[in-house]
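Okay, so here's the structure we're looking at.
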Number of protein chains: 2
Amino acid sequence: MGKPSGLVQGTLDLLILKTISLEPKHGWAIVQRIQQVSAEVLQVQQGSLYPPLHRLEQQGWIKAHWSETEGGRKAKFYSLTRAGRTQMEKELANWDRLSTAINTVVQTNEA
Amino acid sequence: MGKPSGLVQGTLDLLILKTISLEPKHGWAIVQRIQQVSAEVLQVQQGSLYPPLHRLEQQGWIKAHWSETEGGRKAKFYSLTRAGRTQMEKELANWDRLSTAINTVVQTNEA
DNA sequence: TCTTTTAACATAGTTAGACTATGCAAGTCT
DNA sequence: AGACTTGCATAGTCTAACTATGTTAAAAGA
């Protein structure tokens, strides 16, 4: 039924871009950060992560290189490209525009 | 490319419920109100409207009756049921929860 | 009067972005 | 040795938008 789903559809790209804009991270850590910063409200499933990650890379907005985590494991670290930063800003502006509009509609009490 | 799509996926039900909670409206007018109140930011396509409308009716959250518009045309007017109001409040709370979480993530500048 | 536009409802088929389920590999912990 | 955690990845499903299309009737315009 109305499962209080863990994401708002269409916002994952933005969340990813923002997260790695602060510092390069590997997939696993990206998910961790999104969940932690959102106080566990946003839940990103494993299977939901890699497809967008690969797509963003192919679009040239992020790039990957293999490296090591603090724990000494190898992992694929993603960082934002120049174009990616522009894209992030565009998506952020769009999110603001839309979420503001939605808030206006749900808060307006005139028919 | 990144078409600045006219909706945030998953929010249409809420927008519909809210709109008819203020006063019963027919489908066409629901779309008009959403677009007007949002200053044309939110764009609901014709084909996107009726499926959710029928689904919401089947779930018992809204109910329909044929009547006439101001212009003298017959149209199906939808109004909110008791259960629908509860549902609207639930979806509104969920939207607040999620959109707030997203805003936190995109505004937080600590990795 | 004829035609076009607008209001209004509706369905079929497609696409996109999430989901679940599953699998592999390597390191840690008991 | 076995279980759990970290970490990457794909295949298949589901849902909610989208586009395209069709119908009916009234209004507006030629």
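Below, read A as the first sequence line, B as the second, and so on, with proteins coming before strands; counting in each chain starts at 1. Values reported hereafter were calculated over all heavy atoms of this structure, with side chains retained and with hydrogens, waters and symmetry mates removed.
- Rounded to whole Å, atom P of C:dA18 lies 12 Å from atom CG of A:Leu53.
- In this structure, the CG atom of A:Leu42 is 16 Å from the C1' atom of C:dG17, given to the nearest Å.
- Side chain of B:Glu23 to main chain of B:Ile20: no donor-acceptor pair is present (N/O by atom type, distance under 3.5 Å, no hydrogens or angles).
- Looking at heavy atoms from C-beta onward, B:Leu92 lies out of side-chain contact with B:Lys18 at the 4.5 angstrom threshold.
- In this model, the phosphate group of D:dT10 is approached by a side-chain N or O of A:His54 to a distance below 4.0 Å at OP1 or OP2.
- Residue B:Glu70 is out of contact with every strand shown, counting any heavy-atom pair closer than 4.0 Å.
- Among the heavy atoms of the strands, none lies under 4.0 Å from B:Leu49.
- Rounded to whole Å, atom P of C:dG17 lies 18 Å from atom CG of B:Leu12.
- The side chain of B:Leu7 has D:dA17 as its nearest neighbour among D:dC8, D:dA17, C:dC9.
- Ranking D:dT10, C:dT11, C:dA10 by closeness to the B:Lys76 side chain, first place goes to C:dA10.
- In terms of modelled atom types and a separation under 3.5 Å, the side chain of B:Ser79 and the main chain of B:Pro24 share no donor-acceptor contact.
- Between A:Trp28 and A:Gln46, some side-chain heavy-atom pair lies under the 4.5 Å cut-off.
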Derivation of the side-chain contact (heavy atoms from CB on, under 4.5 Å) call for A:Arg33 and A:Lys25 = CA-CA 9 Å; A:Arg33 196 252 174 188; A:Lys25 282 190 184 300; 4.1 Å; yes
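- Proximity of a side-chain donor or acceptor of B:Thr108 to a complementary backbone N or O of B:Glu110 within less than 3.5 Å is not detected.
- Remark: P of D:dA20 and OH of B:Tyr50 are 18 Å apart, rounded to the nearest angstrom.
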What does nucleotides 21-30 of chain C look like as a protein-contact string, B for base, S for sugar-phosphate only, - for none, at under 4.0 angstrom between heavy atoms?
-> B-----B---
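- Contact between the side-chain N/O atoms of B:Gln45 and the OP1/OP2 oxygens of D:dT19 is found at a separation under 4.0 Å.
- Checking C:dA18, D:dT19, C:dA10 against the side-chain heavy atoms of B:Ser48 singles out D:dT19 as nearest.
- Taking atom CZ of A:Arg55 as the reference point, atom P of D:dA9 lies 15 Å away to the nearest angstrom.
- Residues B:Asn103 and A:Trp95 have side chains that bring a donor and an acceptor to within less than 3.5 angstrom of each other.
- Between A:Pro52 and A:Leu12, the closest side-chain pair of non-hydrogen atoms falls below 4.5 Å.
- In this structure, A:Gln58 places its CD atom where only 12 or fewer heavy-atom neighbours from other residues, nucleotides or ligands lie under 6.0 Å away.
- Only B:His26, B:Gly27, B:Trp28, listed by number, bring a heavy atom of residues 20-37 of chain B to less than 4.0 angstrom from any atom of DNA chain C.
- Judged by distance alone, with hydrogens and angles left aside, the side-chain atoms of B:Thr81 form a donor-acceptor pair with the main-chain N or O of B:Trp61 at under 3.5 Å.
- Across the protein-nucleic acid pair, B:Glu68 atom CD and D:dA27 atom P stand 10 Å apart, rounded to whole Å.
- Among the nucleotides D:dA17, C:dA10, D:dC8, the one closest to the side chain of B:Tyr78 is C:dA10.
- A:Gln9 places its CD atom 13 Å from the P atom of C:dA16, with the value rounded to the nearest Å.
- Residue A:Thr69 has a polar side-chain atom (N or O) positioned under 4.0 Å from OP1 or OP2 of D:dG7.
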